[in-house]
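Have a look at the structure below, then the notes.
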Amino acid sequence: MPRRETEKGRFAYEGLDRVIHEKARLALLTALLSFPKGLPFSELKRLCGLTDGNLSRHLAVLQEDGLIAIDKRLEENRPLTTCRITSPGRKRFSDYLKVLERLVDDAGKASAGLSVRDSGRANP
């Protein structure tokens, strides 16, 4: 058996970042990636199907990790909270997606009865 298939942790997928991997946060980051100038809180809530409290908590986690920036201001004397993905957040999300793609590729090959060594590419 080739060394890379027997390497310790070959299927650990360490790059599946726990902060990003949670379903709601994955949805939020994908939405914010689609709108680089950011989205208002109410629009994120609608797009991701979250409650106010749930959205607030997930945004706080993402902000604490530097993945998003939150801007709070008044617009026409009404509070407006806008969220956007940061440059480091964009990079981290891209890295996460590369690992996720490898996982999907490995799972697809395994479900088709192929070995991951049949992929013809080295693993990072």
Side-chain angles (χ1 to χ4, degrees):
M1 198 177 278
R3 182 180 183 312
R4 73 172 219 238
E5 283 190 35
T6 59
E7 288 177 13
K8 183 176 179 182
R10 165 64 182 90
F11 294 101
Y13 303 106
E14 292 297 327
L16 288 181
D17 189 317
R18 287 182 179 264
V19 171
I20 296 172
H21 199 67
E22 198 286 325
K23 179 184 168 192
R25 292 191 288 265
L26 184 58
L28 289 167
L29 289 170
T30 301
L32 292 174
L33 194 63
S34 300
F35 295 89
K37 292 183 179 180
L39 286 168
F41 184 93
S42 58
E43 188 67 8
L44 268 176
K45 177 181 156 183
R46 185 186 68 75
L47 288 171
C48 297
L50 299 170
T51 63
D52 286 351
N54 202 291
L55 177 56
S56 292
R57 180 64 194 125
H58 288 297
L59 290 176
V61 170
L62 294 171
Q63 184 182 32
E64 287 168 12
D65 257 34
L67 295 166
I68 67 164
I70 298 175
D71 176 46
K72 295 183 179 192
R73 59 188 160 86
L74 287 177
E75 188 171 280
E76 297 178 12
N77 289 327
R78 301 179 91 183
L80 177 65
T81 300
T82 304
C83 307
R84 66 174 176 75
I85 193 165
T86 62
S87 292
R90 186 176 304 278
K91 167 78 169 96
R92 197 160 140 196
F93 191 63
S94 175
D95 292 345
Y96 166 86
L97 289 177
K98 288 174 189 169
V99 175
L100 191 58
E101 286 171 347
R102 193 177 92 218
L103 182 149
V104 169
D105 185 54
D106 288 349
K109 283 179 177 35
S111 68
L114 302 173
S115 169
V116 292
R117 73 173 173 251
D118 295 333
S119 67
R121 65 183 174 103
N123 288 311

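For the atom pair NE2 of His58 and OG1 of Thr51, the computed distance is 8.0 Å after rounding to the nearest 0.5 Å. The structure places CG of Asp71 at 8.0 Å from OG1 of Thr81, a figure rounded to the nearest 0.5 Å. In this structure, the separation between CG on Leu32 and CG on Leu28 is 6.5 Å, given to the nearest 0.5 Å. Taken from CZ in Arg84 to CG in Leu39, the straight-line distance is 12.5 Å, to the nearest 0.5 Å. One distance of note links CD1 of Ile20 with CZ of Phe93; it measures 6.5 Å at 0.5 Å rounding. One distance of note links OG of Ser34 with CG of Leu29; it measures 10.5 Å at 0.5 Å rounding.
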message: Using the rule given for side chain to side chain contact (heavy atoms under 4.5 Å, CB included), can you reason through Leu26 versus Lys23, listing the C-alpha separation, both sets of side-chain angles and the distance that settles it, and then say yes or no?
response: CA-CA 5 Å; Leu26 184 58; Lys23 179 184 168 192; 5.7 Å; no

task: Given side chain to side chain contact (heavy atoms under 4.5 Å, CB included), test Ser94 with Lys98 step by step and report yes or no.
output: CA-CA 6 Å; Ser94 175; Lys98 288 174 189 169; 3.9 Å; yes

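With hydrogens and angles ignored, the 3.5 Å screen pairs a side-chain donor or acceptor of Ser56 with a backbone N or O of Asp52. Between the Asp17 side chain and the Val19 main chain, a donor and an acceptor come within less than 3.5 Å of each other.
Using a cut-off of 4.0 Å between Lys/Arg side-chain N and Asp/Glu carboxylate O, Arg78 and Glu75 are scored as not salt-bridged.
Following chains of ILVMFWY side-chain contacts shorter than 4.5 Å, one cannot reach Leu80 starting from Leu47, and the two form parts of different hydrophobic clusters.
What you find for Leu50 and Ala24 is that their closest heavy atoms are CD2-CB, 3.9 Å. Closest heavy-atom contact between Leu44 and Ala31: CD2-CB, 4.0 Å. Smallest separation of non-hydrogen atoms from Leu59 and Cys83: CD1-SG, 3.7 Å. Across every non-hydrogen atom of Asp65 and Arg92, the tightest pair is OD2-NH2, 2.7 Å. Contact record, Asp106 with Tyr13: OD2-OH, 2.6 Å, taken as the closest heavy-atom pair.
Contact annotation: the side chain of Thr82 approaches that of Arg73 to within less than 4.5 Å [non-hydrogen atoms, C-beta and beyond]. For the pair Leu16/Tyr96, a side-chain contact is recorded, criterion being any heavy-atom separation below 4.5 Å from C-beta on. Residues Glu22 and Val61 fail the side-chain proximity criterion, which asks for heavy atoms closer than 4.5 Å.
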